[in-house]
Amino acid sequence: MLTDIMLGQYFPGNSFVHKLDPRSKIVLTLTFITSIFLANNYISYLTVGLYICLIVLVSGIPVKIVLRSIKPLWIILLLTAAIHLFMTPGTTLVAWGPLSITGEGVKQAVQMSARLIYLILISSLLTFTTSPIALTDAIERLLSPLKRLKLPVHELAMMMTIALRFVPTLLEETDRIMKAQMARGADFSSGNIIKRAQNLVPILVPLFISAFRRADELATAMEARCYRGGDNRTRMKELSLGLNDAVATLTIIMLVLVLTWLRWGWSA
Amino acid sequence: MSIELQNISYTYMPGTPYCRDALLDVSLKIERGEFIGIIGHTGSGKSTLVQHLNGLLRPTAGTVSLDGANMHERKQALKSVRQKVGMVFQYPEHQLFEETVFDDVAFGPRNLGLSDEDVQQRVESALECVGLSVADVAKRSPFRLSGGQMRRVAIAGVIALRPEYLVLDEPSAGLDPCGRDEIYAQILQLYRTSGMAVVLVTHNMEDVARMAKRLLVMDHCRIRFDGPPVDLFHDETIQLRDFGVSLPHVTSLLKTLRAHSLDIDDTLQDEEVVVEAIRSALKRKRDSSC
């Protein structure tokens, strides 16, 4: 049921990718995403694709699961491809009525879809191989220079950690409440939109009440353990950069170099 | 007239690393008018099992049928299944949502499409069943009641469906001993007066030993014992401890006394009877020794 949803879920493992420092994973992912925009021909797109395949292979995450992450976004993919296919001006290949497919359109459609798919894949790979806690920890460290500007970085990271932590809990709760109301004859899958929205009330009210109750309990529990955010907090798991991170960085640099070369050649 | 589970298995989240078996090849038949206790430690599969009884979960393998008809064959069938098999979840008070107690209890009957008079009548009798006064609570917000009262309102919400089978998952969890006794007394009374089958899930042996006529012990996704409680307690081949449950206090006391050569019937359950039996057994022993 609901709890079966893959929501950028962490996929425990012990691979090279899993063991990378989350900070370097975030920075490298961002670099990779930027570098996708360097690609402007089929060969460079293919190179990026191969690089992603390499990451998937090394991470040991089943290909089926990785591909599943594209599923929720296929409508956007299809729309983008269609718009590019029909709207790009150029030499016409096929035309019927006001619609026409151009050679440039085909190229644009393929490359834009590939770009989107790469974006989705790489960001899912990041969340598949990094636990939410490690991720927020890394974000906190990466943003820590902003503390000088009086930005509450630690508090923001804490909020993210808590929010992420409670996603599965709330999903489970929703599942339970849905079942309880279904047991009383509630029907969530038929009727028009207004009817369906009304049918959500028996789920949303208990869900909000329990979310507030949990928030209250959590606040009390944190208070009871003398939690005071920010300064002078020590960590159980200190983040440290190692050889792995150097190797990963090297591969990204190589990728960027190859893409640059494929785009401009040595002349630039 | 029965609920029948045939060789059902259930796996949570198949195809992911979180994949986990919850039931393996379980078969079970529940007749009208039975009082069944299901016992087992946390994670033994009891909650998963009962969610099959009204079609909330669809077994990964095997079939579930009510009165001979497969529950999952037609979608419409499920609606009548859920009316016939009422289900009270753990902490049922967490599912309350309406502005007044009356409306919340009426949620189920209204979903059945009954007339206003029928709904009113069902709500009132359901509230009485759980020992709440209609005049006192009907117009109040369910969130202003005490924990025990909220739970009773939630149970009334299921009873108002007039089910033929009532499944209760840990109905006493989180209640004080007094509240627990009251809830069980009402369930027992309901069972006696309405003639519906009751399936009671718990990990507390004390609760079921007194009430259930038939006991199922679950362990590691399977049913390990199915029979009257007395048989379970006196079957020397069964090590209850292996299943993570313990004997009721009364039975373990009687067994200990027997082991210390006191002539006493260790199948007794009722506390007052047991006290009397111990007293007379001690007297007999004293008389015979002097």
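Letters A, B, ... are given to chains in the order of the sequence lines, protein chains preceding strands, and every chain is numbered from 1.
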Test side-chain contact (heavy atoms from CB on, under 4.5 Å) applied to Arg184(A) and Arg82(B), Gln95(B), Met87(B), the passing residue: Gln95(B)

More than 12 non-hydrogen atoms from neighbouring residues, nucleotides or ligands closer than 6.0 Å to [atom1] on [X], yes or no?
X	atom1	value
Phe208(A)	CZ	no
Leu50(A)	CG	yes
Leu79(A)	CG	yes
Gln189(B)	CD	no
Met222(A)	CE	yes

How many angstroms lie between [atom1] in [X] and [atom2] in [Y], if you round to the nearest 0.5 Å?
X	Y	atom1	atom2	answer
Leu56(B)	Arg176(A)	CG	CZ	12.5 Å
Ile203(A)	Phe97(B)	CD1	CZ	10.0 Å
Leu57(B)	Lys179(A)	CG	NZ	4.0 Å
Met182(A)	Gln51(B)	CE	CD	10.0 Å

Contacting region of [X] [heavy-atom separation from chain A under 4.5 Å]:
X	answer
Gln83(B)	neither
Glu98(B)	neither
Leu112(B)	neither

With a 4.5 Å cut-off on heavy-atom pairs, point out which of Gly185(A), Pro62(A), Pro202(A) contacts chain B the most.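 That would be Pro202(A).
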
Side-chain donor or acceptor of Asn111(B) paired with backbone N/O of Asp187(A) under 3.5 Å: no

At their closest point, which heavy atom of Ala183(A) faces which heavy atom of Phe89(B), and how far apart are they? CB-CE1, 4.4 Å

